[in-house]
Amino acid sequence: MTVLSDTLAQARAEGRAALVGYLPAGFPTLQGGIDAFKAMIDGGVDVIEVGLPYSDPMLDGPTIQDAVDIALRAGVTPRDVLRTVEAVAATGTPTLVMTYYNPIDHIGAGRFAADLAAAGGAGVILPDLPPEESGDWLAAADPLGLDSVFLVAPSSNDERIALTTSVCRGFVYAASLMGVTGVRGAVSGAARGLVARARAATDLPVCVGLGVSTAEQAEEVAGYADGVIVGSAFVRRLLDAASPADGAADVRTLAAELAAGVRRGAAARAGSAH
Amino acid sequence: MTDVTVPAPAAAAQAGRFGPYGGRYVPEALMATLDQVTEAYAAAQADPEFRAELSRLLRDYTGRPSALTEATRFAEHAGGARVLLKREDLNHTGSHKINNVLGQALLTRRMGKKRVIAETGAGQHGVATATAAALMGLECVVYMGEEDTRRQALNVARMRLLGAEVVPVRTGSRTLKDAINEAFRDWVTNVDSTHYLFGTVAGPAPFPQMVRDFHRVIGDEARAQVLERTGRLPHAVCACVGGGSNAIGIFTAFLDDADVALYGYEAAGDGVETGRHAATLTGGSPGILHGSRSYLLQDEWGQTIESHSISAGLDYPGIGPEHAWLHDSGRATYEPVTDREAMEAFRLLCRTEGIIPAIESAHALAGALRVGQVLGPEGVLLVNLSGRGDKDVDTAARWFGVVSDEDIVEAAEATVEAPPQESSGEGW
């Protein structure tokens, strides 16, 4: 078992979904980002995703693009991402890096995996690496005990879901909708069916992300998924804050609201099961 | 811990390869639609009706076959070699881009989609897409870097006149690469209704193959025309390379002719040594950008480096995967051409042949001047004149100082102050 699997199993044992929180590294500043991750953990986030700021974030909407732009303009590099991972993982919270694949490809899968493992990272989420192309990465990551998370989407047929889940380690990331990252008024109706189809293909936990931003939405998703992934809403708090300290406080507040949401979702799940 | 399981590549991913390059590096949400496009394209290729309709459009609408013009006065500056220009500039909409656009627009209709989106740098692909969308009654949205909308304001106006929505992209470097990112974001959101009418031989499979196939008419025609005109194949074929669609279009017919040298000319901007360039094969390295593995301009961490070129159409930090493979295998040779060299060739063609080329195509002309010096009077050179220079008049006028900044400002103000006397009252 990995630290990530342990944490997800623990949440499952408590009869609730896990809460997964995302921010790009180096945003609003290197230290400000680390403080914000710690505030997330204080507020009740179970698993951390540290985004690697990349020049061409094809799957990200305007909110995360703005944050990534701030980090890149400040000169944040993958080295800073690993520093952030090291500081966050030291809290004992499983810490994943979410990254487009080219930086790993360019640095080298073996070197990146070794450095990530040395920093205490739990694994990676790879949104633009299809399972067909994952061989190099898995050969580097698996022996180090790093988890590798790939995405399934509402448009994935059962064959592709089987292929993708077969290369996932840790959990399966179910993209709730066809679109890019960002806050939305309601969680897509496609999410529940996708979780069910993923469950039919794997025993791994299935976590839902994209467009989940409020406690109500977290509660709803927690009613059927093993984890709830929130990104843009945290980024929004930091973008709108008057100071990094205010931002961290707002992030903690949101995390606490979302953590309460997933627990209410668990109650609903338990209620409907009996 | 689980065992290492390396999945066998799916047939579709392998089929989209050029040696180690190509493939599909896109979010899972797009995989299904890329499969759909691949299948629809294969079915269309096998359908005589589709081929007949495309042929008819290429003939009656585009004006194909495009002419082959011998540039005798220009050739005096190219070591006396015979220089034959493949006149893609004479196509409807002014460049080679229409070949691919008509093919994909027909395919869009076959797939039952009502909306096309496109990226554009110089505006030529955007204009061609807006044109085909108007012809076929499709909704059209074109993403264009804000920086390019300024450099190519005339083409923005053309697209809007044709009924397309032009969206200036204000993220990243605000040029072609960012327009492509934005188009992919639109596509993943609206994939049920929308086809991404991708404009070059890059991107995820099947685009590199499909766009190549739609452009190979350039080389197929030119090969026959050169044979007929000179009784032999050319010694060398010259084309400019940004993403690489016009170059692949003219190269493909000659790939099996081992004696025909293939030259691709990349935009070297201020010079490759300055770092301000778009010469991807000369100054870049293998990696992943916009859905495929190829060469790109990137820093030590794999972040894309912004490219620079006077030519908006070549100002792209990536290149199609087939070019990467032709480069590595040695079948084609890629060389950089600076802004200055390209503009000298631009001036020369204007003055010797009465043809104003696109600045993109002027890079190929500059390369032809080099190759001609080596080949000498016995040489036969085929140059892809991929586009016309109307869109570049402002840029060229400033470069050569043939008008002052005051003239340009006054002309712009005069235009603003003189609305049409008779207006239909209908807004565009």
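What you see is a predicted model; the values in this text were computed from it and never measured. Protein chains get the first letters and strands the later ones, always in sequence-line order, with residue 1 at the start of each. Heavy atoms only: backbone and side chains are in, while hydrogens, waters and symmetry mates are out.
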> Looking at Pro62(A), Ala175(A), Pro57(A), Pro154(A), which makes the most heavy-atom pairs under 4.5 Å with chain B?
Replying inline: Pro57(A)
>> If you compare all heavy atoms of Ser155(A) against all heavy atoms of Ala29(B), which two are closest, and at what distance to 0.1 Å?
In response: OG-O, 3.0 Å
>> Would you say that Asp192(B) contacts Met178(A) through its side chain, given a criterion of any heavy-atom pair below 4.5 Å between the two side chains?
In response: no
> chain A heavy atoms under 4.5 Å from Thr33(B): which part of the residue, side chain, backbone, both or neither?
Replying inline: neither
>> Under a 4.5 Å cutoff for heavy-atom pairs, which residue among Ile305(B), Asn181(B), Leu296(B) has the most contacts with chain A?
In response: Asn181(B)
> Do any pairs count as a ring-ring contact (aromatic ring centres under 6.0 Å, His included) and have a residue in residues 144-189 of chain A, sequence neighbours left out, and if so which ones?
Replying inline: none
> Which heavy atom of Glu28(B) sits nearest a heavy atom of Ser156(A), and at what distance?
Replying inline: OE2-OG, 2.9 Å
> When rounded to the nearest 0.5 angstrom, what distance separates CZ in Arg79(A) from CD in Glu300(B)?
Replying inline: 6.5 Å
> Which bit of Val191(B) comes within less than 4.5 Å of chain A, counting heavy atoms only: side chain, backbone, both or neither?
Replying inline: side chain
>> So for Asp105(A), is it side chain, backbone, both, or neither that comes closer than 4.5 Å to the heavy atoms of chain B?
In response: side chain
>> Using the rule given for side chain to side chain contact (heavy atoms under 4.5 Å, CB included), can you reason through Ser55(A) versus Gln298(B), listing the C-alpha separation, both sets of side-chain angles and the distance that settles it, and then say yes or no?
In response: CA-CA 10 Å; Ser55(A) 52; Gln298(B) 56 187 331; over 6 Å; no
> Atom CE of Met31(B) and atom CG of Leu151(A): how far apart are they, to the nearest 0.5 Å?
Replying inline: 12.0 Å
> For Ile107(A), which residues count as a side-chain contact (heavy atoms from CB on, under 4.5 Å) partner, sequence neighbours excluded?
Replying inline: Pro78(A), Arg111(A), Phe112(A), Trp301(B)
>> How long is the straight-line distance from CD1 of Ile180(B) back to CE of Met58(A), given to the nearest 0.5 Å?
In response: 8.5 Å
> At a heavy-atom separation under 4.5 Å, does Asp60(A) approach chain B through its side chain, its backbone, both, or neither?
Replying inline: backbone
>> Looking at Glu159(A), I'd like to know if its CD atom is crowded, meaning that more than 12 non-hydrogen atoms belonging to other residues, nucleotides or ligands lie closer than 6.0 Å.
In response: no
>> Given heavy-atom pairs under 4.5 angstrom as the criterion, report whether the side chain, backbone, both or neither of Glu306(B) touches chain A.
In response: neither
>> Using 0.5 Å steps for rounding, measure from the CG atom of Asp299(B) to the OG1 atom of Thr77(A).
In response: 9.0 Å
> Under a 4.5 Å heavy-atom cut-off, does chain B meet the side chain of Ile104(A), its backbone, both or neither?
Replying inline: neither
> Under 3.5 Å, side chain of Asp128(A) to main-chain N/O of Tyr25(B), donor-acceptor pair present?
Replying inline: no
> What heavy-atom pair brings Ile288(B) and Tyr54(A) nearest, and what distance separates the two atoms?
Replying inline: O-OH, 3.8 Å
> Taking everything shown except Asp203(A) itself, do over 12 heavy atoms lie less than 6.0 Å from its CG?
Replying inline: no
> Where is the tightest heavy-atom contact between Gly23(B) and Glu133(A), given as atom of each residue plus distance?
Replying inline: CA-OE2, 4.3 Å
> chain B heavy atoms under 4.5 Å from Pro53(A): which part of the residue, side chain, backbone, both or neither?
Replying inline: backbone
> About how many Å separate CG of Asp56(A) and CG of Leu289(B), when rounded to the nearest 0.5 Å?
Replying inline: 5.5 Å
> How about residues 186-199 of chain A versus chain B: which residues have heavy atoms under 4.5 Å apart?
Replying inline: none
> Do Leu59(A) and Phe184(B) come close enough that some side-chain heavy atom pair is under 4.5 Å?
Replying inline: no
> Who are the side-chain contact (heavy atoms from CB on, under 4.5 Å) partners of Val180(A), not counting sequence neighbours?
Replying inline: Arg184(A), Arg185(B), Val188(B)
